[in-house]
Amino acid sequence: MFQSGVRVHMRLTKAFIPTLKELPADAQVASHKLLVRAGFIRQLSAGIYSVLPLAQRSILTITEIVREEMNRIGAQEFYLPALNPREIWEESGRWSVMGDNMFRLKDRKGADLCLAMTHEEIFTVLARAEVRSYRQLPQTWYQIQTKFRDEPRPKSGLLRVRQFTMKDSYSFDLGKEGLDKSFEDHRQAYVKIFTRCGLKTVQVDAHSGAMGGSGSTEFMVRTDAGEDLIASCEACGYAANTEKARSKIETPDAYAAADGVQLPLEEFATPGVVTIEALQRQPYGVGAKRQLKTLVYMADGKPVIAIVRGDDSLNEAKLQTATGANEVRPAHAEEIPPLMGAKPGSLGGVGLGEKSASGAVRVFLDERLAGLSGMVTGANKDGFHLKNVSITRDLSHAKIVDLRSVVEGEGCPNCGKPLQVGKSLEVGHIFKLGTRYSASMGANILGEDGKETPIVMGSYGIGVERILAAAVELHNDADGIRWPMSIAPYHVAILPLQMQDADVRAAAEKLYAELTAAGVEALLDDRDERAGVKFKDADLIGLPLRIAVGKKGLAEGKVEWKPRTPGSQVELVAIADVLAKVKAAVAEGGGKIR
RNA sequence: CGGGGCGUAGCGCAGCCUGGUAGCGCGCCUGCCUUGGGCGCAGGAGGUCGGAGGUUCGAAUCCUCUCGCCCCGACCA
């Protein structure tokens with residue numbers, strides 16, 4: 001990935017833009033279908049794509065935007081090796097941590113190498129070797145480089161691949177305050193980058209995962225093609241992955257017997273009733289909100305009980321967080337009776353106090369249930385349930401934590417307005433690494449006090465192809481892509497509609513030459529094709545402006561102007577006015593006249 | 001890694017069950033025609049049916065192994 005250089009115009013008879021009439025069979029998401037159909041990309045292997053000229057132009061434009069905004073915050077561009085020796089990854093401890101996700105190979109001497117997934121290691125090696133004094137800090141270093149990840153399941157075109165371009169940057173600061181500033185600088189830069197690329201993003205707090213460190217924020221684009229579920233609030237800007245999201249907990253209703261009346265626990269027969277649903281029906285008539293849903297999980301091989309309200313669903317990630325386990329899974333059907341004394345459908349947490357105290361089984365209870373009474377749960381005896389359950393009295397051995405999944409429409413935890421829940425795609429991620437790498441790899445500097453201290457680091461990534469694909473996901477219709485002007489492969493398409501007409505040809509050529517000379521990126525469809533073919537391809541490729549040159553309009557000295565935006569109509573424009581109009585539209589859309 | 005699906009012409013597919021030597025649409029090439037939303041007609045090129053082995057007189061078709069791709073789940077900086 002190098003500087004974009006001269007941006008040439010192009011005529012379609014010379015261009016390599018292999019558009020397809022038919023859909024590629026294996027494409028599922030819109031961006032994949034359209035990028036293949038419109039001739040932007042071709043698949044080489046699972047999760048490995050060839051970038052064709054149209055896509056390359058957009059990618060160069062995207063990276064140019066990234067460079068501008070990175071440089072603006074004082075970051076300096078590097079270009080580091082993708083091929084890394086094992087040693088530095090051993091130093092950071094990630095040679096083993098990365099497991100099968102990292103591509104590994106041996107050289108002719110048998111030495112271990114890997115293809116870098118990110119570049120904390122090399123940048124830290126550089127800093128360790130060359131940065132000695134606090135006087136040299138802060139530094140922010142970045143590169144735009146190919147990353148390799150052996151994804152277990154590549155999918156969705158460019159959205160989940162094994163080789164991709166990433167802008168990764170790393171900040172080096174003396175202390176926490178410096179890191180905070182570097183982090184905020186990046187946050188601001190990222191907002192600008194994504195906005196300029198035509199993406200609306202929400203920022204969510206995220207787990208730091210295998211990266212380590214004290215905090216991280218993900219930049220997410222809301223789209224069904226994404227893989228993460230995000231809860232967000234339009235009103236106040238709250239946003240969180242559903243693995244962490246909360247909502248305003250509704251106040252206990254009358255059923256909760258908030259007045260403190262506590263009836264004695266009572267067992268009742270419920271033959272054949274093994275679902276929340278069934279217990280709601282007559283003759284029982286127990287509302288789901290009064291039921292306790294009791295689920296048995298294995299956390300790193302040890303049984304744990306999770307209890308949520310009957311109409312709530314357990315969020316496994318939250319349970320995992322609560323247990324502190326590396327892995328949680330639902331218990332197998334045959335693991336449950338020996339533990340609980342009953343089969344699923346008749347389970348409950350009541351009476352597990354002893355087991356809980358002995359550490360044989362841990363019980364977790366969703367916080368929304370705290371303090372309630374008058375609840376109904378399984379009796380741990382097939383065919384029986386318990387009523388009048390009081391959380392405080394009967395489940396005091398349970399640990400109260402956040403376990404439930406947030407649901408669309410629930411109140412925002414900050415402002416109370418309805419939350420939206422939807423799929424989202426991660427396009428950027430910023431991390432406060434702290435001293436995770438500098439400490440393990442010995443990247444120390446001398447402070448003002450003469451003492452040696454590890455450099456405080458941050459790391460920040462942007463997926464370049466994901467920006468491209470996300471833009472397509474956000475901006476398309478039944479006819480094709482609708483590129484934002486700022487990252488479109490060309491600004492304008494010029495379509496001579498009757499190639500057999502010399503006047504039409506001449507007028508289109510003249511316009512093309514004029515726009516090109518003015519620095520506009522224009523694509524001339526000079527193919528000897530029928531008008532319909534040109535319109536279809538133009539819509540599919542999706543350049544933001546379309547100028548059709550036809551006999552009819554030409555007779556009046558006019559051409560047809562149509563932006564590729566929703567709802568826009570064809571407009572007749574005098575040829576003399578076209579250049580000014582194009583320039584204005586390019587500028588307005590954030591494109592660049594060169 | 002578990003479950004499912006699919007590999008036949010550049011692309012999308014049929015043929016396979018019930019073995020007899022490969023077909024359709026799109027695209028491509030040539031000519032005529034047409035010319036404002038993927039025109040029409042005629043002629044043509046293009047496939048060792050993913051690979052290997054086996055059964056059979058004969059395999060795209062049946063059997064075994066293998067490679068690849070897609071989807072669901074698990075996993076996931």
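Each chain gets a letter, A, B and so on, in the order the sequences are listed, and its residues count up from 1.
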So what's rC11(B) paired with, Watson-Crick or G-U wobble, going by both distances under 3.5 Å? rG25(B)
If I take atom CG in residue Leu34(A) and atom C1' in nucleotide rC11(B), what distance separates them, rounded to the nearest angstrom? 16 Å
Just how far, in rounded Å, is C1' of rA9(B) from CD of Glu22(A)? 14 Å
How close or far is atom C1' of rG12(B) from atom CG of Asp26(A), stated in whole angstroms? 11 Å
Nucleotide forming a Watson-Crick or wobble pair with rG40(B), both distances under 3.5 Å: rC32(B)
Pair His429(A), Tyr190(A) - check side-chain hydrogen bond (donor to acceptor under 3.5 Å, both in side chains), show working. CA-CA 9 Å; His429(A) 202 158; Tyr190(A) 275 34; over 6 Å; no
Base, sugar-phosphate alone, or nothing: which one does Arg153(A) contact when heavy atoms must sit under 4.0 Å apart? base
Against Glu571(A), only a single residue in Lys581(A), Lys562(A), Lys558(A) fulfils salt bridge (charged side-chain N to carboxylate O under 4.0 Å, His left out); can you say which? Lys581(A)
Just the rounded figure in Å: distance from C1' of rG25(B) to CG of Leu23(A). 15 Å
Can you tell me which nucleotide in rC76(B), rC69(B), rG12(B) comes closest to the side chain of Arg160(A)? rC76(B)
Nearest-angstrom distance, C1' atom, rC16(B) to rG10(B): 24 Å
Would Asp180(A) and Lys432(A) pass as an ion pair if we require N to O under 4.0 Å? yes
Could you tell me the Watson-Crick or G-U partner of rG73(B), where both distances fall under 3.5 Å? Say none if there is no partner. rC1(B)
Does rC49(B) have a Watson-Crick or wobble mate here (both distances under 3.5 Å), and if so which one? none
So, is Ser45(A) near the phosphate of rC69(B), with a side-chain N or O under 4.0 Å from OP1 or OP2? yes
Could you tell me how far apart Lys155(A) (NZ) and rC76(B) (P) are, to the nearest whole angstrom? 15 Å
Determine the interatomic distance between C1' on rU66(B) and the same-named atom on rG20(B); round to the nearest Å. 28 Å
Any Lys/Arg nitrogen of Lys147(A) or Asp168(A) sitting under 4.0 Å from an Asp/Glu carboxylate oxygen of the other? yes
Both distances below 3.5 Å, Watson-Crick or wobble geometry, any strand: find the nucleotide opposite rA59(B). none
Sticking with atom C1', work out how far rG12(B) lies from rG47(B), rounded to a whole angstrom. 16 Å
C1' atoms of rC39(B) and rC32(B), separation to the nearest Å: 14 Å
Using atom C1' of each nucleotide, how far apart are rG3(B) and rC13(B) to the nearest Å? 26 Å
Scan Pro154(A) against the nucleic acid and name what it touches under 4.0 Å (heavy atoms): base, sugar-phosphate only, or nothing. sugar-phosphate
Answer for the Watson-Crick or wobble partner of rU18(B), both distances under 3.5 Å, is none
Which whole number of Å gives the distance between the P atom of rG44(B) and that of rC49(B)? 25 Å
Between rC11(B) atom P and Ile41(A) atom CD1, what is the distance in whole Å? 15 Å
Pair Arg329(A), Glu335(A) - check salt bridge (Lys or Arg N to Asp or Glu O under 4.0 Å), show working. CA-CA 12 Å; Arg329(A) 62 162 174 86; Glu335(A) 290 171 329; 3.0 Å; yes
Where protein sits on nucleotides 34-39 of chain B, one letter per nucleotide: B base, S sugar-phosphate only, - none, heavy atoms under 4.0 Å: BBBBBB
Can you measure Met102(A) atom CE to rC76(B) atom C1' for me and round it to whole angstrom units? 15 Å
Measuring only the P atom in each nucleotide, how far is rA52(B) from rC57(B)? A whole number of Å is fine. 22 Å
From the set rG25(B), rA74(B), rC69(B), return the single nucleotide nearest to any side-chain atom of Gln43(A). rC69(B)
How would you list, by chain and number, every residue that makes a ring pair (Phe, Tyr, Trp, His ring centres under 6.0 Å) with Trp141(A), sequence neighbours excluded? Phe78(A), Phe123(A), Phe172(A)
Please say whether more than 12 non-hydrogen atoms of neighbouring residues, nucleotides or ligands are located less than 6.0 Å from CD in Gln569(A). no
Between Glu316(A) (CD) and rC76(B) (P), how many Å, whole number? 13 Å
Go through Arg128(A) and Glu91(A) one step at a time and tell me if the side chain to side chain contact (heavy atoms under 4.5 Å, CB included) criterion holds. CA-CA 13 Å; Arg128(A) 169 174 73 189; Glu91(A) 280 190 56; 2.5 Å; yes
Taking atom C1' in both rC17(B) and rC11(B), what distance in whole Å separates the two? 28 Å
For Tyr460(A) and Phe431(A), run ring-ring contact (aromatic ring centres under 6.0 Å, His included): C-alpha distance rounded to whole Å, both residues' side-chain angles, the deciding distance at 0.1 Å, then the answer. CA-CA 6 Å; Tyr460(A) 317 88; Phe431(A) 283 96; 8.6 Å; no
